[in-house]
Amino acid sequence: MMTTLSGTGSLIRLILRRDRIRIPVWILAIAATVVSSVASFPGIYADADDRQARAALMNNPATVALSGPGHGLDNYTFGAMTANELGGFTAVAFALMSILLVVRHTRAEEESGRAELIRAAVVGRHAAMTATLTVGLGTNLLLGGILALGLVSSPAQLGLAGSLLFAASMTAVGVVFTGMAAVTAQLMEHSRAATGLAAALLGLAFALRAAGDIGTGTLSWLSPIGWAQATRAYVDGRWWPLLPALGLTVVLVITAYVLRTRRDEGAGLVRAGLGRAEASGWLAGPIALAFRLQRGVLIGWMVAFVLFGLFIGSMADQAAAFVAENEMARRYFSRLGGSAAATETLLATYMSLMAMVGTGYALQATLLLRSEEASGRLEPLLGGAPLSRLRWASSHLVATLAGSVLVLGGAGLGAGVVYAGTTGEVVDAAAVLAGALTHLPALWVLAGFAVTLFGLAPAAIGLVWAALAGVVFLGMFGPLLQLPEWVSDLSPFAHTPQLPGAEFTAGPIIVLVALATALVLAGLTGFRRRDVR
Amino acid sequence: MTTAITVSGLEKHYGRTRALDGLDLSVRTGEVHGFLGPNGAGKTTTIRILLGLLRADAGTARLLDGDPWRDATSLHRRLAYVPGDVTLWPTLSGGEVIDLLGRLRGGIDPQRRAELLDRFDLDPRKRARTYSKGNRQKVGLVAALASDVELLVLDEPTSGLDPLMEETFRECIGEERRNGRTVLLSSHILAEVEALCDRVTIVRDGRTVESGTLAELRHLTRTSISAELSTAPTGLGELSGVHDLETDGTHVRCEVDTTALDGVLRHLSAAGVRNLTSQPPTLEELFLRHYEQDRSPSSGVRTGA
Ligand SMILES: Nc1ncnc2c1ncn2[C@@H]1O[C@H](COP(=O)(O)OP(=O)(O)OP(=O)(O)O)[C@@H](O)[C@H]1O
Ligand SMILES: [Mg+2]
């Protein structure tokens, strides 16, 4: 066993050296976002009445499905507010950080061939994974520690015990997904697929707790995020729900090691067979190539979004039941139109969230422009074939445009069909589909920003992910933090109508489409003028 | 049109790195032109400018009577390119890549494609990820050679090919030349250059140091002479064009500029030659002299600015 681990120490140092900026940025970004949000609570919700008013608002199916089960709503302290409203998304942030970190240093290294260079040195078979898991665990613990410290010392003056429990529960989610990504990195041959599968499992964890929280609560116990929220930090805290997280992590890590032992360097679980001797007739131009290259990504996103849509549609039913049972929610929705309004709000809220998450697809697809260029695969196309830069780049954009319609449309259709099944009104399906598609222009603005960076500052193209994170943050926490309108308005998603339920207005849609077009044109113009590098 | 490529005074900077510093290159239509120089000399950079992938900072470049940057797309209809490290889409098979690149140029002759696959012994069904280095290179070569174009731009196209395939490559280039195609061939394999190229250009540090036919280049170099004479020679050292002279009684060794050969031989025969061996410069020596940094090309002709 020891020989399979030799070199782990040096690899840990190598990972820390390569991530010496990335890891601190993740830690600081997550901790600072959470702590500064909490720090603004005393200013916004100065007395208990304000907090209880907020609690009343949180007690409807849409918000429960988005944030958490609502422990401590009857005495909505700053701590309860933190755990209930910030907990779910903080857990997702911990998990994303962990997934990306693990895949980056395991499968991505193997895929690039760099791992081979390292394995040829005196480095054992399990050294890379052990080093990665060590750094992953350390990063999560460090982030948890900083978070706890920050929460205790923030102006909201959260208690030490609650803060420790809250930070530990977030860390637990991060650690579970460290193990999860270690497994998906063994299964998938491509790093993109490994990240995608782990992210889909994260989505599943979020969906299970959402369904559980507006339903009977059973499903939440199948989700690591549900376990974290079940600790009831700051309310009547309990540590034992973190035990299943610990157990699952151990199982996942052992699985990852077993899989690693059984497979070849560079191989996945499934070995790709021979390909076609000749290209099929349709693979004839740049658009076909663009579709072919993002085929896997697009299919993955579509399947995930259709499933998610079906799931949300089926939650609509539970939302009605939730309102019927819940005194405060019933009073809130009676003015708006009873449980029908409650389900519409839930659907609209979720369509908006899905559109933001779905922007991840559009960015991935747009960033293909850059990875094609950086890998050198663009060279024979632009250098040796009569293909202009404009035609090549716009082919990818056409594929991305179509793909974004398919991804959001899939979610809208999935949710709409199930919802229409419960109401018996076919038009409801169309209404939900429209609710998903109205967010497309906002998604295109972010994709357009990616094109702008690609044309003008290709080295900085990763900034679009920060922009997306900012947009999600504004969308999720703008109302909680009562941010000034102009700040919330920075997000393109603040301008798209929330359908079904709200009034449709064409104005903002037109403006967003124009903005997206301008961003794309700026990027394409820049790309036509710069070196291919 | 008698020149396919004309480059003069080309400059390119990458930040503070000066990759090209006034490079000149002239490739005549219908010739196979060798493009040589040590690592980092600027060959790939020049080729990428010629393909319109990079924009030159200064100087002029003309390719098939067009502007490589402005007319890139229409020019590329008439040329094919093989990079030194062919990177392919990992999930596409070799056959798909060849067809795709061919179709972008408006179609591919299936018979020619099949013939090339056979000659290069390449299995088109394998996914690009699973090709060996040499086989990846073959995909690029087949795609380029299968296309009906006027100009082939090849940047170290044979890196990773086994000797048998290297031979096949030479045959193919020979055929291309007979068909009247122009070839710009950057290579570090001197035997390949000697076998294929009509003219060569040698660059160093982003500048052209020599250009001409191999015979012309040979002419600019030195022949080693070793002679056993009847009497000890006098005045040999004073002759211009004689280098590294060593005399040991009646035995003489020296390096002689090819241009000075006649005079030196006269001088030697005056002293009575008993035995004489002369060695023409090998291609290696010829190039190494130009590649080495510290030796200035004093005996060479500097072309260009
Ligand atoms: N993208 C880049 N950024 C910075 N410097 C570069 C870049 N590309 C090339 N260079 C530098 O430009 C110079 C010329 O490089 P180039 O690739 O043209 O050399 P080359 O003659 O093709 O060498 P080789 O024989 O090794 O292929 C080198 O000093 C190289 O380091
Ligand atoms: Mg090169």
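- With a 6.0 Å radius and a threshold of 12 heavy atoms from other residues, nucleotides or ligands, B:R177 has its CZ atom above the threshold.
- Using a 4.5 Å cut-off between heavy atoms, A:R292 touches chain B through its side chain atoms alone.
- Counting non-hydrogen atoms of other residues, nucleotides and ligands closer than 6.0 Å to CZ of A:R370 gives a total above 12.
- Residue-environment remark: CZ (B:R199) exceeds the threshold of 12 foreign heavy atoms within 6.0 Å.
- At a 4.5 Å heavy-atom cutoff, the contact between A:L289 and chain B is made by side-chain atoms alone.
- Closest approach of A:S375 to B:T87, counting heavy atoms only: O-OG1, 3.3 Å.
- Minimum interatomic distance between A:A277 and B:P124 (heavy atoms only, all atoms of both residues): O-CB, 3.7 Å.
- The 12-atom threshold is not exceeded at CD of B:Q111, counting heavy atoms of other residues, nucleotides or ligands nearer than 6.0 Å.
- Counting heavy atoms of neighbouring residues, nucleotides and ligands inside a 6.0 Å radius, atom CZ of B:R125 does not exceed 12 of them.
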Please report the C-alpha distance between B:K126 and A:L274 in whole Å, then the side-chain angles of each, then the deciding distance to 0.1 Å, and finally whether the side-chain contact (heavy atoms from CB on, under 4.5 Å) criterion is met.
-> CA-CA 5 Å; B:K126 282 200 175 160; A:L274 289 178; 4.0 Å; yes
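- For chain A, the nearby part of B:L88 is the backbone; its heavy atoms alone come within less than 4.5 Å.
- The closest donor-acceptor contact from the side chain of B:T73 to the backbone of A:P386 lies at 3.5 Å or more, if one exists at all.
- Your options are B:I47, B:D123, B:L100, and the one with the most heavy-atom pairs under 4.5 Å with chain A is B:L100.
- Within the 4.5 angstrom heavy-atom criterion, only side-chain atoms of A:L293, from C-beta onward, approach chain B.
- No donor-acceptor pair under 3.5 Å is formed between the side chain of B:R129 and the backbone N or O of A:E111.
- Among A:G296, A:A288, A:S388, A:P380, the residue with the largest count of heavy-atom pairs under 4.5 Å with chain B is A:S388.
- There is no contact between B:I98 and chain A, counting heavy-atom distances below 4.5 Å.
- Salt-bridge formation is not detected for the pair B:D99/A:R276: no Lys NZ or Arg NE/NH1/NH2 atom is positioned less than 4.0 Å from an Asp or Glu carboxylate oxygen.
- No side-chain heavy atom of B:Y14 sits less than 4.5 Å from a side-chain heavy atom of A:R533.
- Taking CH2 from B:W69 and CG from A:D531, the interatomic distance works out to 6.0 Å, rounded to the nearest 0.5 Å.
- At least one donor-acceptor pair under 3.5 Å links the side chain of A:R389 to the backbone N or O of B:L53.
- How far CG of A:L382 is from CG of B:L51: 10.0 Å, rounded to the nearest 0.5 Å.
- Note that CD of A:E278 and CZ of B:R113 are 4.5 Å apart. Values are rounded to the nearest 0.5 Å.
- In this structure, the side chain of B:H76 does not engage the main chain of A:L387 through any donor-acceptor pair within 3.5 Å.
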Please lay out, stage by stage, how B:R55 and A:R530 fare under the test side-chain contact (heavy atoms from CB on, under 4.5 Å).
-> CA-CA 7 Å; B:R55 203 203 271 267; A:R530 71 172 173 81; over 6 Å; no
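- Looking at A:S280 and B:E96, their side chains never come closer than 4.5 Å, going by heavy atoms from C-beta outward.
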